[in-house]
Structures are given as structure tokens and as C-alpha cells.
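First the structure, in the form of C-alpha cells, and then the observations on it.
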Amino acid sequence: MAASLSTALDVHFTIPKSDTKRPIFFTSPIRHNPTKKRLAISCNSSTSETSSSTKPPQNISESPSPKNPSLSDQLKPLSATTLSTKDHQAQLLSRPKSTWVNPTRPKRSVLSLQRQKKSLYSYNPQIRELKLFAKKLSGSGEDEFESALETIPYPPTRENALLILNSLRPWQKTRLFFNWIKTQNVFPMETIFYNVTMKSLRYGLQFDIIEELANEMVSNEIQLDNITYSTIITCAKKCSRFDKAVEWFERMYKTGLMPDEVTYSAILDVYAKLGKVEEVLSLYERGVASGWKPDPITFSVLAKMFGEAGDYDGIRYVLQEMKSLDVQPNLVVYNTLLEAMGKAGKPGLARSLFEEMVDSGLTPNEKTLTALAKIYGKARWAKDAMDLWERMKSNSWPMDFILYNTLLNMCADLGLVEEAEMLFNDMKISEKCRPDSWTFTAMLNIYGSGGNADKSMELFEEMSRLGIGLNIMGCTCLVQCLGKARRIDDLVRVFNVAIDGGVKLDDRFCGCLLSVASLCDESEDFTKVLACLKQANPKLVAFVKLIEGEETSFETLKEEFRAVVRDAAVETRRPFCNCLIDICRKRDLHGRAHELLYLGTLYGLYPDLHHKTVKEWSLDVRSLSVGAALTALEEWMGTLTKFVQRDEELPELFSAHTGSGTHKFSQGLANSFDSHVKKLAAPFRQSEERAGHFVATREDLVTWVQSRIPSSVIA
DNA sequence: ATAGGGTTAG
């Protein structure tokens with residue numbers, strides 16, 4: 001029963017009773033229109049009496065992400081501008097479906113409600129020998145094909161030929177046999193021969209040949225049917241020829257052939273993969289308006305699309321549609337929905353959906369469990385992760401190597417070292433799930449983030465023995481770990497193995513090496529690390545040399561910094577700058593550190609560093625390295641000194657936001673900040689009420705600044 | 001794989 005979906009659904013919003021019964025002449029009650037739809041759904045949620053009181057506790061952690069703004073956030077701009085009165089608002093929000101179909105003049109149907117029927121095979125008593133022959137043909141070389149054909153045990157009648165054609169692979173053989181029966185001229189070529197041949201070609205991703213055959217059908221006046229079109233469309237999709245998929249779909253309509261639900265859902269998936277959400281929903285709604293009852297495959301397509309977009313409202317729409325159309329989700333639909341919930345950042349809903357799935361009697365498969373393990377790991381839900389694991393074992397739910405590797409990644413996210421080691425050993429003694437490069441990468445991540453350089457190196461040696469190549473991610477984990485342990489010679493060895501193994505070094509890896517360089521006290525180590533970095537990114541190393549040069553002018557620095565930043569991947573630009581500042585501070589180049597912070601700010605690498613309200617000015621250093629954060633603090637104090645000197649107006653409160661230190665990477669920041677503040681005797685104190693904040697009152701700060709003015713660092 | 005549609009990993 002579709003009622004089993006209700007828990008996950010009703011917890012978050014209530015569907016108005018009137019919407020659960022679908023008037024036949026209306027399309028779906030909730031339009032998926034970027035603005036209208038969100039408003040409509042959110043309105044239900046906000047007006048629901050149960051929405052906040054019945055939410056399970058885990059949803060507290062699911063405060064709306066920027067992608068899914070809260071209801072009030074969504075309504076704010078509208079209520080402030082467009083909507084003046086409550087009535088007006090209600091009218092807009094509850095607007096019925098925009099596609100209204102006049103019952104007296106029904107809109108034309110967009111799909112055939114009858115699925116194309118397949119002809120039944122009649123029993124062929126020669127089936128065994130013909131299949132054996134097909135196997136022989138399949139195994140023959142291209143040049144032996146002709147002679148192999150002559151050993152055909154029975155004459156190539158229509159039925160015999162079809163049977164053989166169906167059993168042939170790969171596509172080259174299917175094509176040769178298809179061409180051969182055409183030359184035999186024993187029977188006219190029918191649609192089914194083309195369809196069977198096309199299917200084999202699709203396995204080989206031969207879209208061009210499929211299209212050739214389709215055109216041949218047109219010129220020979222052989223009817224293309226729904227099976228032909230759906231095969232063409234899905235082949236184009238698998239070959240990423242989406243334009244061709246759409247083109248053939250449109251051609252079908254033009255020839256007057258109506259798609260059935262198989263062809264229709266195939267084209268829905270094409271538009272979904274193109275990210276054309278509006279088109280998909282329009283087609284979906286028009287289909288439903290034609291009297292179509294979509295099946296689970298359609299909902300899987302919709303769920304996947306919304307999942308890819310991280311669109312939580314869309315996912316709710318799919319759940320609601322299934323409920324109102326009384327379609328029970330199958331395993332694939334659940335899997336897709338779980339995946340989608342994960343992408344939309346809703347671990348709590350994924351969990352309750354999973355429970356519903358199990359309660360409904362379905363057994364999770366590898367994909368289900370992979371989705372869930374990923375979600376719990378990302379959400380850092382250790383308890384749920386462990387519960388899941390126990391259930392997997394006690395129920396003997398299926399495992400495969402992807403699930404094993406995902407579980408290892410989950411362990412990495414949760415810091416479960418012993419559990420990971422158990423899994424790793426399980427894999428080693430298993431038949432089908434031997435550790436591969438993904439496995440080793442996950443293990444390197446686990447040992448690396450735990451700072452266990454010995455175990456990391458053991459893995460590295462084991463990989464060499466087993467001939468499993470190090471990839472860029474494993475290499476980055478390893479180098480970071482060895483760098484933190486100051487095992488620079490091991491680091492260099494690993495680096496050289498990676499280079500010899502053809503690992504393509506990316507900007508993230510360069511950032512990792514640069515951060516290791518920033519940790520080096522010994523100039524010998526520093527030189528060794530930079531020598532590695534030079535092979536990956538010579539310009540970056542040249543820039544480090546430039547920083548160190550006393551004679552380097554600010555203009556030169558600016559120019560070269562710009563070039564370095566421009567060439568770096570966007571997500572590595574700020575880390576690069578952070579590391580460079582750290583290097584400066586390590587080498588007592590404080591002036592340079594300030595110049596780099598200035599340049600980083602100039603090029604937009606620190607967009608939200610400062611925040612000012614009338615009552616409070618704050619400095620948000622959460623995305624800064626320790627060196628960069630301290631530089632930013634000094635810079636800020638310098639600015640405040642000027643304000644005090646000029647007797648300008650200041651707010652009551654000052655704060656610096658370092659983060660609370662619960663995240664593994666931000667742990668050090670609050671501590672370093674604290675000791676630095678103490679060293680400066682600055683009046684910032686860790687706030688009791690606001691975790692991760694250091695606060696100072698205006699009074700204390702002004703007193704402190706004035707006491708420093710004669711010897712201020714800032715001229 | 002017995003003519004056609006949907007789901008697993010940085």
C-alpha cells in the first residue's frame with residue numbers, strides 16, 4: 001500500500017485532503033515551478049499544525065541549507081514586495097494547476113495508454129542447435145565468419161534467423177549476420193529484425209550504426225514502432241547524444257506515431273539527464289492529464305533528477321505524486337529516493353524512508369546500503385552507521401565491493417579505525433571483494449587523518465607488493481600524513497613512486513605539498529618539499545622564492561600572485577594563499593604575510609572576513625589557516641588603532657569567529673588564536689554563550705589599543 | 001542478453 005509512504009511524508013508537511021483525490025481533468029496539484037511550486041509546498045508545511053511538533057529529533061540538525069531556504073526566507077521577499085494582503089497571498093499560493101483542460105474540448109493525448117504488444121515466439125524445436133550455432137558464430141573471428149555461416153544447421157527461415165540474431169554478440173557479429181540474412185532474400189525484413197539488431201548495437205554503444213539502420217527502415221518503408229524508437233532513444237542517451245534522442249522523439253510524433261509509456265519514460269529520462277526539469281515536469285503532467293498512470297520507473301526517473309539537483313521540494317513532490325496516484329515504490333525507487341535524500345542533505349528523512357522500505361517487506365540490496373552508508377558517514381551519524389552495520393550482519397544483507405569501499409569511506413568520515421580494519425581484513429579473505437585501489441585509498445584516508453604514518457606506509461608498501469597503483473587521492477592523504485609526521489624522506493619516496501606510476505598531480509595535491517612546506521622548520525626539509533612541488537607546479541615554487549626575496553617589490557608580488565591564483569583551481573585558491581601566508585610567518589616574513597593577506601582579499605579569496613553591524617564588528621577566520629588568521633587579527637587591530645587615534649565611532653562589541661573546534665580541521669585554530677591573543681595581551685576572551693567566538697568590549701579594546709599606540713606594530 | 005524504459009563510490 002502507498003500508505004506506507006505516509007510517515008516520511010506527513011512528518012514534514014500535510015497534504016490537503018482535497019489534493020489526495022486527483023480530478024481527472026486537472027494536472028498535478030503542485031506545480032513544479034521554481035517559485036510557485038516551492039511556495040505551494042512550503043505553505044502547506046508552515047500552516048500544518050503538526051509540522052514542528054511531530055518532527056523527529058534528527059531533523060533539528062537539518063536546518064535549511066542555503067539551497068533549501070526556510071519558509072520564512074522564501075516568503076520574505078515576496079511578502080515584502082508583491083504580496084500585500086494575506087488573502088492575496090493565499091490566492092497565489094493555493095492557485096490550482098495552471099494546465100486546466102476543458103472537459104468539453106479535451107486536450108490532445110501525449111501518449112498512448114496501451115503499451116505496444118510484443119509478438120510471442122512460437123516454440124522452436126531446434127532451439128538448442130541454433131543457439132549452439134549462434135555461440136559458434138559469436139566466437140568466430142571476423143575472417144572466419146563467412147565459413148562459419150556455412151555450418152548453419154537449419155535453413156535460415158524467419159524464426160530460425162530471429163533466434164540466432166537474438167543470441168549473437170558482440171554487435172559486430174549481429175551486424176554481419178543481419179546483413180547476411182538480408183542477402184539471402186528468403187523472407188521480407190520486418191521491424192523486429194531491425195529492433196533485435198539495434199539492441200545488440202546498443203550494447204556496443206554504436207549509435208551511428210543504429211541511426212543508419214533507422215534511416216534504412218524509413219527509406220525501405222519498414223515501420224518504426226515504439227520498440228524501435230525507444231531503442232534508438234536509449235542508445236543515444238547511453239552515448240550522450242541527447243540532441244539525437246530528442247530529435248528521434250520528435251520525429252516519432254511527426255510520423256503520427258504515439259509513444260507508449262516505455263518510450264515516454266525513456267524520453268523523460270533524456271530531459272532529466274539534460275537537467276531540463278521544467279520540460280520533464282511538463283511532459284509528466286501532460287501524460288498524467290492524458291490519463292496515464294505512471295509506473296515506478298517513471299518515479300525513479302523523477303527522483304533521480306531531483307536528487308541530482310539536490311532539490312528537496314522536488315523529492316517531496318515525487319513522494320506525494322506516488323501517494324496520490326497510489327503507486328507503491330519498488331526497491332529501485334526507494335534506492336533512488338534514498339540517494340536523492342542524501343544529495344539534498346536530509347539524513348533523517350533518508351533514515352525514516354529506509355525504515356519504511358524495510359517495514360513494507362522489501363529487502364535492501366547493495367545499492368540501498370551503499371546509499372545509506374554514504375549518508376550516515378557524511379552526516380557523521382556514528383550511532384546510525386553502527387546500527388546499520390549490525391543489521392547488515394545479522395540479516396545477511398548482500399554486500400559487494402562498492403558497498404565495502406563505501407563502508408570504509410564511512411569509517412573514514414566517522415574515524416572508526418578498528419571497524420575499518422575489520423572490513424579491510426574481511427575483504428582480503430573474501431572471494432569476490434578483494435581490496436582494490438579504492439579500498440587502499442579509503443584506508444590511507446583513515447590512517448592519514450588519524451596521523452598514523454607507520455600504518456600509512458605499511459599500506460603503501462602493501463600496494464607496491466600487490467601491484468595496486470596509488471591514485472591522486474591516496475597520494476594526497478599519504479603526503480599530508482607524512483608531512484605532519486615530518487617524515488620528509490618517506491614523503492619524497494612516495495612522491496617519486498607516484499610520478500613514476502603516472503599519477504597526474506592536481507592543484508589539491510600541490511596545496512597539500514605547500515602546506516607541508518609551511519610546516520617545515522628545517523630548511524633542508526623545506527628545500528626537499530619544494531623540489532617535489534617544483535615538478536608539479538614550477539610557477540608556485542617560483543612564487544615562493546619571490547616571497548623570500550627581500551628585493552621583491554610589492555608590484556611584482558601582486559602581478560605574480562595574480563598569475564598563480566588565476567592558474568589554480570577555484571577551490572584551491574584560498575588554501576594556496578593560506579599556506580603562503582603560513583610560510584611567510586614561519587620564516588619571519590611578517591610584512592609579506594600582511595601583503596599576501598591584502599592581495600588575497602583584493603582577489604576575493606576572503607569574501608566574508610569582516611562583518612559589521614551597529615552593535616558589533618566581527619572577524620570571521622574560520623576558513624583561514626592559523627597563520628592567516630593571526631595575520632588577519634593583527635591587521636584588524638591595526639585598523640582599530642587608527643580608528644581610536646582618529647576618535648571615530650566604534651560599536652559596543654568586537655568578536656572573532658574561529659569556529660568551535662568540533663571539526664577536525666578547525667581544532668587547532670581556536671587554540672592557536674587563544675594563545676596568540678594572550679601573547680598580545682589583547683582583551684579577547686572565549687565566549688561562554690557563543691561557542692567558537694572570541695569577544696571583546698569596546699571599552700577594554702580601546703584601553704588596550706591606547707596602551708599600545710606608542711609601540712604599535714602598524715605605523 | 002530471447003525486440004523497448006529507471007538505481008550504487010572521492
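Just so we're on the same page: letters track the sequence lines, and every chain starts at 1. Fair warning: this is a prediction, and the values are worked out from it, not measured in the lab.
A distance of about 15 Å separates the P atoms of dA1(B) and dG6(B), rounded to the whole Å.
The separation between L408(A) atom CG and dG10(B) atom C1' is 13 Å, rounded to whole Å.
Residues from residues 208-217 of chain A lying near DNA chain B, meaning a heavy-atom separation below 4.0 Å, are absent.
With sequence neighbours excluded, no residue forms a side-chain hydrogen bond (donor to acceptor under 3.5 Å, both in side chains) with Y253(A). The side-chain hydrogen bond (donor to acceptor under 3.5 Å, both in side chains) check on D387(A) picks up K383(A), with sequence neighbours excluded. Evaluation of the side-chain contact (heavy atoms from CB on, under 4.5 Å) rule for N425(A) yields K428(A) as partners, not counting sequence neighbours. In this structure K131(A) satisfies the salt bridge (charged side-chain N to carboxylate O under 4.0 Å, His left out) test with no other residue, sequence neighbours excluded. Partners of E190(A) by side-chain hydrogen bond (donor to acceptor under 3.5 Å, both in side chains), not counting sequence neighbours, listed by chain and number: R158(A). By the side-chain hydrogen bond (donor to acceptor under 3.5 Å, both in side chains) test, T231(A) is found to be paired with no residue, residues two or more places apart in sequence or in another chain being considered.
Residue contacts shown for Y404(A) are absent, as no nucleic acid heavy atom lies under 4.0 Å away.
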What string of B, S and - do you get for nucleotides 1-7 of chain B, 5' to 3', when a contact is any protein heavy atom under 4.0 Å?
BBBBBBB
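In this structure, F401(A) has its ring center at least 6.0 angstrom away from the ring center of W438(A).
For residues 331-340 of chain A, every residue pair satisfying the salt bridge (Lys or Arg N to Asp or Glu O under 4.0 Å) rule, not counting sequence neighbours, is listed here: E339(A)-K343(A).
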